[in-house]
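In what follows, a structure is listed as C-alpha cells, so that the remarks can point back to it.
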Amino acid sequence: MNINYEKKDKLLIVEITEEIDHHVVEKIRRKVDDGITRYMPRKTIFDFSRVSFMDSAGIGMIIGRYKMMKLIGGSLEIVNISSTVKRILEMSGINKIIPLEGKREVV
Amino acid sequence: MYDNEMKLEFLSKSSNEAFARITVAAFASQLDPTIEELADIKTAVSEAVTNSIIHGYENMEGIIKIKGRIIKNTVELEISDTGKGIENVELARKPLYTTKANLERSGMGFTIMESFMDEVEIDSVFGLGTKVIMRKKIKKHIEDLNEILSVGGVC
C-alpha cells in the first residue's frame, strides 16, 4: 500500500495494492491511523483501483477509519471501486454513509 | 460417489486465509464458473476461515480443515475447526452481530456467506468446534447456450 499526503488540499490518499482480508487489515489500520494522526487531513481517500478482493474484514476497517475521520471533523471517500467489492460494501450499508461512486485519476 | 473431492488442512494462521480461498477457487474452477461466481466462493471461504481463526481458535494455533466436493454442477465446501464453538448459532447468523466489536469486526461474516452461496449450514458444538457446510450451484453456461440454440432450431 502507498500513503501520500497532499498538503494543498489536505488530502490523505491511501492506495491499497493487495487483497483486503483479516490478515492485512491490521497493517492497513496501523499505517492509515498513523497518517491521520500525523497530518490531520480534511479528507481521507481510499483508492481501490488495485483491490481485486475484499471480505468483511475490510468493512470493519473502513468503518473504523470513517469514525476516526469524523472525530477530527473530516470525511472519508472510496474511489475506483470494482463491482465485486462494491457488492460487499452495499450489503453492509456502508454506501449510505460513505461515497463509493467516485473516480480518480491514478497518478 | 462424488464427481470430485479434495481435502485441505492448514494451521489457523491469518496468512493462510488467502491460501485457502485461492486453493478452493482453483478447485471450483473445474466447473467453469464466471468471475463473479468465483469471487462469491472466495469471499465465503475467506469469511468461514477467518471465523475459525478469530472466534474458533481465538488466535491460538489450531488446525482448519476444508473438504471440497463437486457433485454434478454444485460445489460443496465443508470448513471445520476444533475450536471453542458457537454458543448461539442463531445470534451469530444475524447481520451486524459480533462478539469482537473491539477488533473492528463488522458482524457480516455469516450474512455474506449466506448471500453469496446457495445454502449454508452451521453445525457447532460449544466447546468442541464448528463445521460450516456451504453449497453453490454453478450455472452451466455452455449447455445453457446449447439449449437456447436447440429451442431456436425447433422454432
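Interatomic distance, B:Thr111 OG1 to A:Met91 CE, rounded to the nearest 0.5 Å: 8.5 Å. Rounding to the nearest 0.5 Å gives a distance of 7.0 Å between OG1 of B:Thr43 and CZ of A:Arg87. Remark: A:Asp21 CG to B:Ser14 OG distance equals 7.5 Å, nearest 0.5 Å. Separation of atoms CZ (B:Arg21) and CD (A:Glu19) is listed at 4.5 Å; rounding is to 0.5 Å. Atom NE2 of A:His22 sits about 10.0 Å away from atom CG of B:Asn51, to the nearest 0.5 Å.
Cluster membership check: A:Val24 shares its hydrophobic cluster with A:Met1, using side-chain heavy-atom separations under 4.5 Å among Ile, Leu, Val, Met, Phe, Trp and Tyr. Transitive grouping of hydrophobic side chains (ILVMFWY, heavy atoms separated by less than 4.5 Å) brings A:Leu12 and A:Ile16 into a common cluster. Using a 4.5 Å cut-off between side-chain heavy atoms of Ile, Leu, Val, Met, Phe, Trp and Tyr, with links allowed through other members, A:Ile94 and A:Ile88 fall into the same hydrophobic cluster. When the side chains of ILVMFWY residues are joined at heavy-atom separations under 4.5 Å, either directly or via intervening members, B:Val24 and A:Met54 end up in two distinct hydrophobic clusters. Under the 4.5 Å side-chain contact rule for hydrophobic residues, A:Phe48 and A:Ile3 share a cluster.
For B:Ser115, the part lying near chain A is the side chain, with the backbone staying farther off; criterion is any non-hydrogen pair under 4.5 Å. For a residue to count as touching a neighbouring chain, one of its non-hydrogen atoms must lie under 4.5 Å from one of that chain's; by this rule B:Leu103 touches chain A with the backbone only.
Among all heavy-atom pairs drawn from A:Met61 and B:Glu104, the shortest one is CA-OE1, 3.8 Å.
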| task | Give the C-alpha distance, both sets of side-chain angles, the deciding distance and a yes or no for side-chain contact (heavy atoms from CB on, under 4.5 Å) between B:Glu36 and A:Thr84. | result | CA-CA 7 Å; B:Glu36 194 171 274; A:Thr84 323; over 6 Å; no
| query | Could you go step by step and tell me if A:Phe53 and B:Ile22 meet the side-chain contact (heavy atoms from CB on, under 4.5 Å) rule? | reply | CA-CA 11 Å; A:Phe53 175 89; B:Ile22 290 164; over 6 Å; no
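Residue-environment remark: NZ (A:Lys67) stays at or below the threshold of 12 foreign heavy atoms within 6.0 Å. Sparse packing is recorded around NZ of B:Lys131, with 12 or fewer heavy atoms of other residues, nucleotides or ligands lying under 6.0 Å away. For B:Gln30, the CD atom counts as densely surrounded, since its 6.0 Å shell holds more than 12 non-hydrogen atoms of other residues, nucleotides or ligands.
The residue among B:Thr98, B:Val49, B:Ile35, B:Thr50 with the most heavy atom pairs within less than 4.5 Å of chain A is B:Thr50. Most heavy-atom pairs under 4.5 Å with chain A: of the set B:Ala44, B:Ser106, B:Ala101, this distinction falls to B:Ser106. By number of non-hydrogen pairs under 4.5 angstrom with chain A, the leading residue of B:Ala18, B:Pro95, B:Ala39, B:Ser46 is B:Ser46.
In this structure, A:Asp55 and B:Ile112 have side chains that are not in contact, with every pair of non-hydrogen atoms separated by 4.5 Å or more.
A side-chain donor-acceptor contact under 3.5 Å links B:Glu47 to the backbone of A:Ser56.
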